[in-house]
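Comments concern the structure below.
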Amino acid sequence: MANDTTPLSVIMESARTELITAFNEAAQKSRLPAFLLEGIVEGLLADIRARKNAELAAEVKTVNEQKKEVEDNG
């Protein structure tokens, strides 16, 4: 688990390594051909993009609410 001083690049590389390991294990266990795994990965990417968009929308909403609160308080 990363702490507050761990560089983002290190956290990202660790996550990448874990994801690759998990993918390789699942691919080996399922023994599905690459053309079928590709569809699964594309679906996962679509899910990640939807999650990213939801997170961005929530962040924009929070920033706008904070901005409005500051304006209302003078």
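Leu37 belongs to a hydrophobic cluster with Phe23, Leu32, Phe35, Leu36, Ile40, Val41, Leu44, counting contacts under 4.5 Å between side-chain heavy atoms of Ile, Leu, Val, Met, Phe, Trp and Tyr, direct or through other members.
Within the structure, the side chain to side chain donor-acceptor pair (under 3.5 Å) test picks out the following pairs touching residues 61-74 (sequence neighbours left out): Lys68-Asp72.
Expressed to the nearest 0.5 Å, how far CD of Glu25 lies from CD1 of Ile20 amounts to 12.5 Å. Here the straight-line distance linking atom CG of Asn24 with atom CG of Leu19 works out to 11.0 Å at 0.5 Å rounding.
Residues forming a side-chain contact (heavy atoms from CB on, under 4.5 Å) with Glu13 (at least two apart in sequence, or on another chain): Arg16, Thr17.
Between Glu55 and Arg51 there is a salt bridge, since at least one side-chain N of the basic residue sits less than 4.0 Å from a carboxylate O of the acidic one.
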